[in-house]
Protein chains: 2
Amino acid sequence: MRQRRTGRGGGATMEDVAQVAGVSAMTVSRVLRQPELVNKDLRAKVEAAIRETGYIYNLVASSLASQRSGTIALILPTVASSIFSDSVKGVSDVCRERSVQMIMAETNYVPAEEERVIEALLRRRPDGFVIVGVSHTRATRDMLEKSGVPVVETWDATATPIDSLVSLSNFDAMQAMTQALVAEGYRRIAFVGTATRDHRALMRARGYEAGMAAAGLPIPDILAAGDVTSMGSGAAIAEEIMARGDRPEAVVFLNDVLAAGALLAFQRKGLRVPEDIAVAGFGGFDFARHLIPSLTTVDIPRQEIGRRAAQILLDRIEGKAPAGTLHAVGFEVALRESTRRVPR
Amino acid sequence: MRQRRTGRGGGATMEDVAQVAGVSAMTVSRVLRQPELVNKDLRAKVEAAIRETGYIYNLVASSLASQRSGTIALILPTVASSIFSDSVKGVSDVCRERSVQMIMAETNYVPAEEERVIEALLRRRPDGFVIVGVSHTRATRDMLEKSGVPVVETWDATATPIDSLVSLSNFDAMQAMTQALVAEGYRRIAFVGTATRDHRALMRARGYEAGMAAAGLPIPDILAAGDVTSMGSGAAIAEEIMARGDRPEAVVFLNDVLAAGALLAFQRKGLRVPEDIAVAGFGGFDFARHLIPSLTTVDIPRQEIGRRAAQILLDRIEGKAPAGTLHAVGFEVALRESTRRVPR
DNA sequence: TTGAAAGCGCTAACAA
DNA sequence: TTGTTAGCGCTTTCAA
């Protein structure tokens, strides 16, 4: 003869509520999930019993029984920077609207870490994944495909998505920015990217190169920032640029954070922006429009990317959308004071 | 006679692995959780079987059986702004180090929403809560206490924490800032807070008032920003201040985001900072030191707050720390160029 | 060191 | 409309 395990987890269970209400556990479950199927009087009794017992529904048990966890996983390069926070907000808002819990993990821009992180999250049996980026290790793709979990990739473009894709062409966007600067009359345009092999960063660099090539312009050295999420490294790059002999007329940065750090560093050293050096960023962040001079950038619908990705994913999970959905979001080059062409 | 439910969730289970390895499921479980208890050869066999079957451990089932979910919940006012992102990073880092999953929800600074959100998260049976703020509805406190889940509150101070507390005195910090400005020679010092009844914001306002009172200075109208997370509303407040007749010598803002927005708006309108108007923020954010002029602020160990809270919580969950742990974090007034006293 | 049995708290499938 | 039964995939407990 065995004794009861530990006397139970703690709080009331559905069974307890059922006893108090004088019904079966199944009826309690129905009251909670499909109240319209339950007789009104019984429903009231059950609801009273729930209050009386202080019952809190157990989603862990529910997940196991129903084989649906009611969670989606969000994989992003970093949680600490402002870069993805609007996209997180987009996903998070949709999740709340649709009563799903978002669980999040960061990869630090390292594919091997992404692999580890996705494997760890798979153990929690999320109903789907939203992933920032389209470049993954072979093992990551295999794992995801084998698991059969719906996936939406975002913030980048690819011809071979794992499943669905909220597509943003970093190449096109940075090419457009470069061409806009060329149209403004700039010729010696430098680019600041990153040394990490982040695919989105690479695509932006390529877009810049394509923009320069299309205009028949030579491409100066491409500089690499260390930490792409800090203004400090933008400032460090600015120092580097100022220390060189041949100062470019304009510098395009991988993102607005780096650009802002550099813009302020240039000014600190007495350079006038844009008269002495023009500065452009990428991302369309709030602070860009407030800076003096206001920062030219490529405006991206960051929150919308998160929203759309979550919507597509949840629709798919609920069977309301097919696999392999594609949705492209646009971008807009916002020319502002930091690149206003002025006579020299 | 019933048929098997749906032919099973999908992937391999522990039982499948056990069959392949020729052992019992219990042995597989041990290999995964306490490998040192299992014979070396058997262990190797089981590990091979895991690889062969592509088995992915199911934490949902594990959580239900063990009555521990391996997750902690993080409740914060907003996820979209930079204000808490370092604290999120702190919690998130500790969680990764200790193999725990963080789940997050936002309250939008509204206590009733906090109540809803906490109840929703309780259904997932987190092993503990980290909560930003110490002001909660009665029902929230009751729920949390009744659930018996360890709680760590943060980012504020209180004499009556629910359980543990990583304490930061917003009152003291803002009082110190105010006194520092007085010491610099400022007299007509205004304060910009918020109309929401956020407790931390309130404490900062009170700290400012105390600082002014201690110096025997009158308190001008306290202005209220709408959205405390956007530079735009800082700029709007700046407009309001400039439109008034009696311009203050210095303005202290609830946080650095508002201060930065205002600082730039002042400059746009031709005011010199700090000569015409001095500006101070709160929070010690990265961008504050880069602005021109660099922004005076109260430096808070934001990431450390997250780390400590998570550590205390996890220690408590593992029985390595007592309930009701108190940990106070400090702050530092960073006087920078935006409040450098200059002769008029 | 290994295994068998009995749940954890819920839901799917079926029956009444 | 309500209830019964049999799991979901794991861990706890006990026995060997």
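Below, chains carry the letters A, B, ... as their sequence lines are ordered, and counting in each starts from 1.
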**Separation of D:dT2 C1' from A:Met14 CE (nearest whole Å)** = 15 Å
**Asked** In degrees, rounded to 10°, what is the bend between the two ends of the helix from C:dT1-D:dA16 to C:dA16-D:dT1, using five pairs at each?
**Response** 30°
**Request:** Figure out the CD/P separation between A:Gln19 and D:dG3, and round it to whole Å.
**Result:** 12 Å
**Prompt:** Given atom CZ of B:Arg123 and atom P of C:dG9, what is their separation to the nearest angstrom?
**Reply:** 17 Å
**Request:** Give a yes/no on whether any side-chain N or O of B:Ser29 is located under 4.0 angstrom from OP1 or OP2 of D:dT11.
**Result:** yes
**Complete:** Across all chains, not counting sequence neighbours, the salt bridge (Lys or Arg N to Asp or Glu O under 4.0 Å) partners of B:Arg125 are none
**Request:** Confirm from the modelled atom types if B:Arg30 and C:dG3 form a donor-acceptor pair under 3.5 Å, side chain to base only.
**Result:** yes
**Prompt:** Would you call B:Asp86-B:Lys89 a salt bridge at under 4.0 Å N-O?
**Reply:** no
**Complete:** Side-chain contact check for A:Ala65: nearest option of C:dG9, D:dG9, D:dT11 is C:dG9
**Asked** What's the CG-P distance between B:Asp16 and D:dG9, to the nearest Å?
**Response** 9 Å
**Asked** Is the number of heavy atoms from other residues, nucleotides or ligands under 6.0 Å of A:Arg197 CZ greater than 12?
**Response** no
**Prompt:** Which of residues 33-61 of chain B sit near DNA chain D, with a heavy atom under 4.0 Å from it?
**Reply:** B:Arg33, B:Tyr55, B:Tyr57, B:Asn58, B:Ala61
**Request:** Let me see the working for B:Thr71 and B:Gln101 under side chain to side chain donor-acceptor pair (under 3.5 Å), right down to the final yes or no.
**Result:** CA-CA 5 Å; B:Thr71 65; B:Gln101 177 70 42; over 6 Å; no
**Asked** Shortest non-hydrogen contact from B:Ser69 to A:Arg124?
**Response** O-NH1, 2.8 Å
**Prompt:** For B:Ser62 and A:Thr27, take the nucleotide of DNA chain D holding the closest heavy atom to each; which residue's nucleotide lies nearer the 5' end?
**Reply:** A:Thr27
**Prompt:** For A:Arg124 and D:dG9, what is the distance between atoms CZ and P respectively, to the nearest whole Å?
**Reply:** 17 Å
**Request:** Could you tell me whether A:Lys45 and A:Asp41 have a side-chain N and a carboxylate O separated by less than 4.0 Å?
**Result:** no
**Message:** Check this for me, if you would: do B:Arg308 and B:Asp315 make a salt bridge, where the nitrogen-to-carboxylate-oxygen distance has to be below 4.0 angstrom?
**Reply:** no
**Side-chain donor-acceptor contact under 3.5 Å, A:Thr137 with A:Glu115** = yes
**Message:** Expressed as a whole number of angstroms, how long is the span from B:Leu64:CG to D:dT11:P?
**Reply:** 11 Å
**Request:** In whole angstrom, give the distance that lies between atom CZ of A:Arg125 and atom P of D:dG9.
**Result:** 8 Å
**Prompt:** Between B:Ser81 and B:Thr78, is a side chain to side chain donor-acceptor pair (under 3.5 Å) present by the stated rule, with each step listed?
**Reply:** CA-CA 7 Å; B:Ser81 120; B:Thr78 170; 5.3 Å; no
**Item:** Integer-rounded Å distance: C:dG7 P and B:Met26 CE
**Value:** 16 Å
